[in-house]
Asks: 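To start, I am sharing the structure in question, which I have written as structure tokens.
This one's a predicted model, so the numbers in the text were calculated from it and none came from an experiment.
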Amino acid sequence: MNRTMKKSLAILSLSAMMTTGAAYAATNETVHTNTIMPVTTQAAPTAISVQVNEGVLSEKGYLKAAATEPMLPLRAVTESLVFKLNWKQETLSAELVDNKLYVPTSFVSKVLHGSVTTEGASVSIAMKKDVKKVQTTGVITSIRPVDDYTAIQIQGIGTEGMILNVNKDTEYQMLDGTKLSLSDLHVGLTVTAEHSMAATLSLPPQTSTSKITVLDTKREANSLGTAGVVEEVRGDDKGNMSLLVKGTGLTETSPSEVVLQISDKTAIVDKNGDKVEKAALVKGANVIGFYGPALTKSLPPTGQAWKIVVSAKQE
């Protein structure tokens with residue numbers, strides 16, 4: 001797992017630890033009793049310095065007198081490893097709010113698959129660097145910033161496809177090697193992503209991405225996109241064709257309903273960017289249409305499609 005990976009943890013293992021008492025929430029509890037109890041002195045927990053990838057955290061862990069391993073501040077550790085931690089109260093599977101939660105050092109190795117070294121009052125954590133890379137190809141349907149990284153969705157919308165988490169170290173290029181930047185990417189581009197084999201169990205899965213290569217020969221400035229169902233297919237005796245698509249706009253300025261004109265230059269592909277025959281454009285088909293910002297003022301507006309992604313016909 002790449003140490004630059006941002007990841008939303010839906011940690012069933014954490015839930016199990018919490019159930020068995022292996023994870024401790026930091027609280028200040030006052031016990032009221034009418035019984036006179038003898039005063040006993042307990043040794044104060046030892047503060048533990050925590051170092052992640054050679055950087056020291058401002059938050060410290062602690063070690064109880066009778067404990068066998070130090071307890072670490074979960075949020076501080078996971079976010080330093082560039083994971084994204086979410087807590088879901090209804091399922092007790094993930095999301096922390098204001099309270100601090102501590103987990104044993106073994107949590108880092110068993111759940112996050114990092115290496116842990118404990119020396120005296122110090123714990124050092126590092127992510128394994130020998131992670132193999134794989135490549136996935138798909139059409140970009142969403143680009144959105146999240147904190148200090150950006151999530152790029154390919155191969156579908158909603159819970160479909162895959163989220164490519166990119167950051168300042170991610171490389172971008174055209175197929176011919178021309179260097180690009182993140183700002184050069186837009187919805188509708190077919191790309192090949194080089195990413196970690198490790199991915200979250202979320203829907204869609206998320207993975208850390210080191211390189212993105214654009215397979216289209218040119219980019220379409222200010223591209224818009226609408227995902228939905230083909231409600232009507234229109235044609236004439238000259239071979240002109242247009243689709244009425246109703247669904248969801250993929251950008252802030254994209255309409256949810258649009259008429260898309262199809263020309264010989266319109267690329268018709270599947271979610272992976274592979275060519276699909278024009279005959280697949282039928283009423284009831286699920287499609288994602290990508291088109292330029294020049295739209296008519298009619299309702300619904302009409303635009304020229306430069307790429308159509310076709311999936312299964314809706315039953």
Asks: Can you hop from L63 to V52 via hydrophobic side chains spaced under 4.5 Å?
Replies: yes

Asks: Output the distance between atom NE2 (H186) and atom CD (E220), rounded to the nearest 0.5 Å.
Replies: 6.0 Å

Asks: State, with a plain yes or no, whether a side-chain heavy atom of L243 is found less than 4.5 Å away from one of M241.
Replies: yes

Asks: Please answer: with hydrophobic residues joined when any side-chain heavy atoms are less than 4.5 Å apart, are L295 and L250 in the same cluster?
Replies: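 No; L250 is not reachable from L295 via cluster members.
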
Asks: What is the distance from atom CD1 of I308 to atom CD1 of I262, rounded to the nearest 0.5 Å?
Replies: 4.0 Å

Asks: Measuring from T46:OG1 to K64:NZ, what's the distance to the nearest 0.5 Å?
Replies: 12.5 Å

Asks: May I have the step-by-step check of side chain to side chain contact (heavy atoms under 4.5 Å, CB included) for T213 and L175, ending in yes or no?
Replies: CA-CA 6 Å; T213 300; L175 190 58; 4.2 Å; yes

Asks: Check step by step if side chain to side chain contact (heavy atoms under 4.5 Å, CB included) holds for T207 and L164.
Replies: CA-CA 5 Å; T207 185; L164 307 173; 4.1 Å; yes

Asks: Got a donor-acceptor contact below 3.5 angstrom from the S311 side chain to the N286 backbone?
Replies: yes

Asks: Would you compute the distance between atom CD1 of I152 and atom NE2 of H195 and round it to the nearest 0.5 angstrom?
Replies: 12.5 Å

Asks: Going by side chain to side chain donor-acceptor pair (under 3.5 Å), name the residues that satisfy it together with N240, two or more places apart in sequence or in a different chain.
Replies: D236

Asks: Taking side chain to side chain donor-acceptor pair (under 3.5 Å) as the test, write out the residues that go with T118, two or more places apart.
Replies: none

Asks: Are K60 and S49 side-chain neighbours, meaning at least one heavy-atom pair lies under 4.5 Å?
Replies: yes

Asks: Ignoring hydrogens and angles, tell me if any N or O in the side chain of D147 forms a donor-acceptor pair with the backbone of Y149 under 3.5 Å.
Replies: no

Asks: Is there a donor in the side chain of Y291 and an acceptor in the side chain of T226, or the other way round, less than 3.5 Å apart?
Replies: yes

Asks: Quick check on the hydrophobic clustering: are V139 and V287 connected, directly or via other members, by side-chain heavy-atom contacts under 4.5 Å?
Replies: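 No, V139 does not connect to V287 through the hydrophobic network.
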
Asks: Counting distance only, does the side-chain N/O of S124 pair as donor-acceptor with the main-chain N or O of Q51 below 3.5 Å?
Replies: no

Asks: Heavy atoms only: give me the nearest G273-T190 pair and the separation to one decimal.
Replies: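 Minimum heavy-atom contact is CA-CG2, 3.9 Å.
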
Asks: To check you understand the geometry: which heavy-atom pair defines the closest contact between T141 and F290, and what is its length?
Replies: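 Of all heavy-atom pairs spanning T141 and F290, the closest is CG2-CZ, 4.5 Å.
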
Asks: Can you confirm whether R234 sits close enough to L244 that some side-chain heavy atom of one is under 4.5 Å from a side-chain heavy atom of the other?
Replies: yes

Asks: Using every non-hydrogen atom in the two residues, find where L74 and F107 come nearest and quote the distance to one decimal.
Replies: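 Closest pair (atom of L74, atom of F107, distance): CD1-CE2, 3.5 Å.
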
Asks: Kindly work out whether a path of hydrophobic side-chain contacts (I/L/V/M/F/W/Y, heavy atoms less than 4.5 Å apart) joins L224 to L185.
Replies: no

Asks: If we only count heavy atoms from C-beta on, is the V230 to V282 side-chain gap below 4.5 Å?
Replies: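 Sidechains of V282 and V230: no contact.
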
Asks: Restricting to non-hydrogen atoms, name the atom on I163 and the atom on P204 that form the minimum distance, rounded to 0.1 Å.
Replies: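 In this case the closest contact between I163 and P204 is CG1-CG, 3.5 Å.
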
Asks: Would V269 end up clustered with V310 when hydrophobic side chains under 4.5 Å apart are linked, directly or stepwise?
Replies: no

Asks: Would you give the length of the straight line joining atom CD1 of I48 to atom OG of S122, rounded to the nearest 0.5 angstrom?
Replies: 8.0 Å

Asks: Quick check for you: to the nearest 0.5 Å, what is the distance between I212 atom CD1 and L182 atom CG?
Replies: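 Those atoms lie 7.5 Å apart.
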
Asks: Hey, are the side chains of S263 and Q304 touching, using non-hydrogen atoms and a 4.5 Å cut-off?
Replies: yes

Asks: Do I140 and V191 come close enough that some side-chain heavy atom pair is under 4.5 Å?
Replies: yes

Asks: When you measure from the side chain of T296 to the backbone N and O of T302, does any donor-acceptor pair fall under 3.5 Å?
Replies: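 Indeed, once roles are kept as given, a pair shorter than 3.5 Å links the two residues.
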
Asks: How close do T251 and V187 get, counting heavy atoms only, and between which atoms?
Replies: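 Minimum heavy-atom separation between T251 and V187: CG2-CG2, 4.1 Å.
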
Asks: Can you find a heavy atom in the side chain of I157 that is under 4.5 Å from one in the side chain of I288?
Replies: yes

Asks: What is the minimum heavy-atom distance between R219 and D184, and which atoms define it?
Replies: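 Taking every non-hydrogen atom into account, CD-O, 3.3 Å.
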
Asks: Identify which one of I268, T266, D216, L189 satisfies the side-chain contact (heavy atoms from CB on, under 4.5 Å) criterion when paired with K307.
Replies: D216

Asks: Measure from the side-chain N and O atoms of T136 to the backbone N and O of A193, and report whether any donor-acceptor pair falls under 3.5 Å.
Replies: no

Asks: Quick one: do Q155 and N272 satisfy side chain to side chain contact (heavy atoms under 4.5 Å, CB included)? Show the steps, please.
Replies: CA-CA 6 Å; Q155 298 186 340; N272 301 316; 2.9 Å; yes

Asks: I125 and side-chain contact (heavy atoms from CB on, under 4.5 Å): which partner among L57, T105, V108, N53?
Replies: V108

Asks: Could you check whether any side-chain heavy atom of E59 comes within less than 4.5 Å of a side-chain heavy atom of R75, counting everything from C-beta outward?
Replies: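 No. Closest side-chain heavy atoms not under 4.5 Å.
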
Asks: Look at the side chain of Q153 and the backbone N and O of E160, then say whether any donor-acceptor pair between them is shorter than 3.5 Å.
Replies: yes

